[in-house]
Structures are given as structure tokens and as C-alpha cells.
Amino acid sequence: MIPLWLIPLFPLVGVVVLALIALASSESEKGPDEGLVGAIAVVFPLLAFVATAFIGWNMPVHGIHETLGNWIDTPLLSVSFGFLFDGLSRTMLLFITGIATLITMYSTGYMHKDRGYAKFFAYINLFVFSMVVLVLSDSLVLTFLGWEGVGLCSYLLIGFWNKDLKNCKAANKAFLVNRVGDVGFLLGMAALVAVGGSSLLNYSDLIAWILNPASAEMIVVGIPLLTAAGLLFFWACTAKSAQIPLLTWLPDAMAGPTPVSALIHAATMVTAGVYLVARLSPLFVILPGVLPIIALVGMATAFWAAVAGLLQNDIKKVLAYSTISQLGYMFMAAGVSAFDVSIFHVFTHAFFKATLFLGAGAVMHALAGEQDMRKMGGLLKKTPITAITMLFAYLAIIGFPGFSGFFSKDLILEHVFDFSRILGPVLYCVGLATAVITAVYMTRLMVLVFLGKYRGELRDDQIHEAPFSMTFPMCILAIGSAFSGYFWNVFVHGANWFEQWLAPVVQTAQKMAHFLTVEKAMPSPLTFAILGTIAALVGVCVGYMIFTRKRIPQLKKNADSAPVGGARDWTFFFDYVHNIVIKAFEILAWVTDVVIDKFVQILQWMVCSIVFIVGDGLRSLQVRKVRLQVALSIAGMAIIGIVVYLCGGLS
């Protein structure tokens, strides 16, 4: 049996090798050999994928747990260093390493002639290593190490082209917003330790503690702290997975190279929050006040981001808000205790969103870096492979029957409807309306990019299809966009393989949640499928009718693609909220510095002055005057004698 530590070791070796190559060629004008660097960059994630597939093929039902040794061993905190390979981590690792391999291959063509070629791929391998550690770890502490690692890689890759100040600001924003969320992760771990000790930081021990009847009394007593821990962990998820209110960093993260947007900010890292909720599912289901909050935040995020996506002109920004919206769907599912459905949408979304981002990168490659969709059009004939692959992903994301998003999104809507008599229909209606808006803005993207006439400034002979190194990964991912949904086909008996893979991990929690809910009559899956299909077709028809007829004015060469007016206010609403909060803290800091600090200084001066004056008075009594001292002693003795006499004497 291959040891589990070999999976993260492969990308880590890739980091070291590529970093050494980058350093060795730093003073060379030409830079390292791109063929060699590209081969090394692709091989190590591929080896991690092969190792994951081999271990997963013969994995026991309840997974594999390897403890490598003690990591932290103190009287207050004891944490082991180990890996947990079960149905959840296997599923996550397969698409993380697999899609990372394909996107790395794509990057070899996209980053051609970039002077930071080797450094870029060193960062990519570092991200893969960090993401593998996050998913494979057996404890919250080790997960947090990977959590911070992917945050660091996100910062490095968003600001990769750091000669542009906007990229640097976007990287700083992503880093700082995620740090705000990470405080929640740390405090959540502290709350768990306060309830049951450091053993609760280990996933297996935490689940065993929750399921143990002997822990019932301790759980009841500790519910306030456990609820706080659940909310704090979800707070961390809102930052990492770009949910309300900590979602403002993700659209700005599009400043990085497009393969980074596809890998980190669409397919993998941003789903870490969904993974954490699924991993801690036994904890969340005993906290009835937390799950509805997760569902409502997911619902609000999905709808708000879908509307924002409709208002964008930048092709990458459309896909960024689309990612936020789809993450909202995932949290809706997690919030109604459908953790397996949530991860299923993570799985299908990874394929179609990576395809869309890579397709956007191919469009930009064809148009000399242009990102404004108003300056595109007519690319169907010029870039047919890109158009077809994006068409597959487009049909998946709108939930067209037979494509992956059709299966996963309909499962989400079905489960949210079943959640409760009051909240369920609300979640379902908003989710269905969001599906309509999704179809509208994605139809707008396809129409503006591929149909009509070209509205840009390039000559026809300057527009070209992407090279094979870019189109091949797009084709593979497009196939996944079409067929990955069949791993859980509710219309074929026994075709629920994805559900069976995750059952040993999340089934206990889902049964506990189901036990606490009230049964009610449910429409058939076919009814939900029909309604979902109608929503998709309505969105497609509305989008096609509006944007094929809408006249797009000729734009200036350096026209800003940012929305204006009310569209701008909707897009940047949470940026405004963040600015208000920051301003409030700045005012509080000023009051603390100018008012409170000065008051404390004055109070300190007054106390010191009084002590000094009293000290001077007492010091005058300590002067060596024998007569005065004898007189005071006699007076003292007389007072003591009088007191003793008045109190009854010595008897």
C-alpha cells in the first residue's frame, strides 16, 4: 500500500525543484527552458493524482488513517500530525489533483514567454501541496496549516504580475479579507478546546465524542460554546469561499493570470469552506441554530452574485460573480444538511467552471488580452474549439438536461424545498429565480463573445485559436462538464455512486438531521427536473432575445469595463459596507488615541502627583527629632491603652 504522505510529497518536491530552477536562472536574460519547466510542473501534480487514484481504488469502506507522529505536545494542547483518507478526502483529492494537472498543462501555453515562468509553476505546485494538506489532514490544526497555505498562494498568484499596482492591491485585499475570516477559524478551535479539550481538534475524536451517549450531558452544557464554534467556523468559510459579507476579494482576484482564476478561485480553493462544513457535519447538525444561518447566507449570496454577474462587462468578472453564486448554492445545500449534495455540486462545478475560465483565457489569448465583452463578438468561426468547449460548460451551468449542472443543481433545489415547511419553499423559490438569472447572464456572455460581428480593433488575421497545450485540457474538462453529473443520476436506479462514496462520512450526520426534521409530502424528482429545465429555458430565451437585439455602441480604446450608476452600486455594495466598517474602526482608534489615552495620561499624572505630595508630608515626619518621636510613641501607647480599656481590658 502506498503511504498517504506520498500524495502531498509529490507537489512539494515540484515546488523545491522549480524554485531552484527559478533561482538558478534569475540572472539569465532568456530564462529557463520552458519545455523542461513545463514538464516538471505537470508531472508532479499528475503523480499526486495517480497516487490518489491508486490508494482510492483499494480503500477500505471507512477510509485510511495514518498518524506520522506528535506535532504539538504540551499540557494544554496535544495535536498529532496525521492524514485521513476517506470518501470525502478521496473525492476532493481526485478532482483537485486531476484538474490541477490539466490547468497546469494549459498554463504552459498561456504563460509562454513570461519571464517568471518557473516561479509561476513553483507557486502552482505550492498551491497543490497546500490544498492536498488541507483536504488530507486528520485534524483542524493541520487543516488550518493548509488553509493558510492556499491563502498565501492565492496572494502570491493574484499579485504575480506585480508591476501593475492594481494587481498588488487586489492581492493585498484578498490576503487581508481572508485573514479576517481566519480569526474565526482560530477562535472556533479555541471554543472546541474549551468545551472538551484538545482531543476535539481531531476529526475522528470529535465525531466519536459527539456520538458517544456518555458525552450527552457535556454537550448540553457546552451548547453555547459549541454554537459559537460553529458560527466562527462558518465565518471563516465566508471568507475562504467568498460568501456574504466577506466576498469582495474574489472579483478583484481576477487580476491574476487566468489559469490561477480557473484553478484557485473557481475549482478548488474557494470550495474549501464547503469542504470544512461537510467535514464538520456531525458538529453542525447538533447546532440547530447554525444550519439555517448557513442556508440563508448561501441563498442571499447566490441571488446577489447572480444579479451582479448580469451587470458586468469584463468576461472574467462575470465568471467570478458566477462562482460566488454557485458557491451560494453549495452552502444552501449544506445548510439543509444535504452535505453529499453540496459536495456533488462542488464536483460538477469544478469541471464546468474551470472550462469556462480556461475558455475565457483562450478568448483573451485570441484577442491580445482583451477582457471587455463589448469589444468581442463573432468568435465562433475564429475560435471554434474554444466556443464548443465553452458551450458544453454553458449548458452545464444553466442546468440544461443531460449536462452535469442539471443533476447537481436540481438535487440542491429538491433538498432545500424539503428542509422545512416555511423556510424550504423560500429557499427553493429564490434558488429557482437565481437559476433563471444564471441562464440570462451566461447567455449574454455567449452571445456577446461568440455571436454577431466582431466589435474590437484587431484585424481578422490577428485573431487565432489557442494552441494545443491550451485546447486539450479544455476539451477534457468540457467532457467532464457534460458527463460528471451521471455519477449521481436520480433517474436511473442504482446510479448514485457519488452518494455511496460519501455515505460513510456524512450519512450519520444526515440521518441525525433527518431525525430532527418533520416529514412532509414531496413532489417527485421529475417535477423538480421539469421546473429546473423551464427555469433554464426561460433564462436562455430572455437572454438571447435581449442581447442579440441590443445594439452595443462603439467604445473608446481605453474604455472602462466597470459598471456604472445603479449597476455599480449593486456590484460594490459590500465594498461600501466594508468601507463604513473600516471608517468606524478608524474613528474608534482616533477616540482611543486622542480622548481615552489622554484621559488615562491625565489620571495617571494626578495619581502620581497626589502620591508625591502625600509622600513629601510623611517624609517630614521621618526627620530624626528624638523628642518628637518619643512624644508620638507615648501618645500611641496611650491610645492603645484607652482602646483596650474601653473594649473590656485584657481579660
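When a residue number appears, it is its place in the shown sequence, counting from 1.
- Looking only at distances, a side-chain donor or acceptor of Thr271 sits under 3.5 Å from a matching main-chain atom of Thr268.
- Of the charged side-chain nitrogens involved, none lies within less than 4.0 Å of a carboxylate oxygen, so that Arg279 and Asp138 do not count as a salt-bridged pair.
- Around CZ of Phe599, the count of heavy atoms belonging to other residues, nucleotides or ligands within 6.0 Å does not exceed 12.
- Ring geometry for Phe572 versus Tyr576: interplanar angle of 30 to 60°, hence tilted.
- For Thr348 and Ser408, the side-chain atoms include at least one donor-acceptor pair closer than 3.5 Å.
- Aromatic rings from Phe185 and Trp147 are positioned such that their centres are separated by under 6.0 Å.
- Between the side chains of Ser404 and Ser481, not a single donor N or O lies within less than 3.5 Å of an accepting N or O.
- The neighbour count for Glu217 CD, taken as heavy atoms of other residues, nucleotides or ligands under 6.0 Å away, does not exceed 12.
- Ring centers of Phe487 and Phe407: at least 6.0 Å apart, outside the cut-off.
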Tyr486 and Trp497: CA distance, side-chain angles, deciding distance, side chain to side chain contact (heavy atoms under 4.5 Å, CB included) verdict: CA-CA 9 Å; Tyr486 288 92; Trp497 302 291; 5.6 Å; no

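- With 3.5 Å as the limit, one finds a donor-acceptor pair spanning the side chains of Ser154 and His265.
- For the atom pair CD (Gln326) and OG1 (Thr301), the distance works out to 12.5 Å, reported to the nearest 0.5 Å.
- Test Phe483, Phe498, Tyr275 against Phe347 for ring pair (Phe, Tyr, Trp, His ring centres under 6.0 Å) and you get one pass: Phe498.
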Full working for side chain to side chain contact (heavy atoms under 4.5 Å, CB included) between Leu145 and Leu142: CA-CA 5 Å; Leu145 182 67; Leu142 189 55; 3.8 Å; yes

Side chain to side chain contact (heavy atoms under 4.5 Å, CB included) between Val297 and Phe234, worked out: CA-CA 10 Å; Val297 169; Phe234 179 60; 3.8 Å; yes

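- Counting non-hydrogen atoms of neighbouring residues, nucleotides and ligands closer than 6.0 angstrom, the CZ atom of Phe303 reaches no more than 12 such neighbours.
- Every residue two or more places apart in sequence or in another chain that forms a side-chain contact (heavy atoms from CB on, under 4.5 Å) with Ile219 is listed here: Trp209, Ser215, Ile223, Leu226, Ile286.
- Aromatic pair Phe175/Trp249: ring centres not closer than 6.0 Å.
- Between Tyr428 and Phe528, the distance from one ring center to the other falls under 6.0 angstrom.
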Residues Arg179, Glu148; criterion salt bridge (charged side-chain N to carboxylate O under 4.0 Å, His left out); working and verdict: CA-CA 9 Å; Arg179 296 298 74 72; Glu148 292 300 291; 3.5 Å; yes

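- The residues Lys409 and Glu414 are annotated as not salt-bridged, no charged nitrogen and carboxylate oxygen being separated by less than 4.0 angstrom.
- One N or O on the side chain of Trp570 and one on the backbone of Trp304 form a donor-acceptor pair closer than 3.5 Å.
- A donor-acceptor pair under 3.5 Å is formed between the side chain of Asn178 and the backbone N or O of Ala174.
- Annotation: Phe54, atom CZ; neighbour count of heavy atoms from other residues, nucleotides and ligands within 6.0 Å does not exceed 12.
- In the model, Ser322 has no side-chain atom that pairs as donor or acceptor with a side-chain atom of Ser325 under 3.5 Å.
- No donor-acceptor pair under 3.5 Å is formed between the side chain of Thr67 and the backbone N or O of Gly82.
- The ring-ring contact (aromatic ring centres under 6.0 Å, His included) check on Tyr329 picks up nothing, with sequence neighbours excluded.
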Stepwise side chain to side chain contact (heavy atoms under 4.5 Å, CB included) check, Tyr321 with Val307: CA-CA 9 Å; Tyr321 284 104; Val307 175; over 6 Å; no

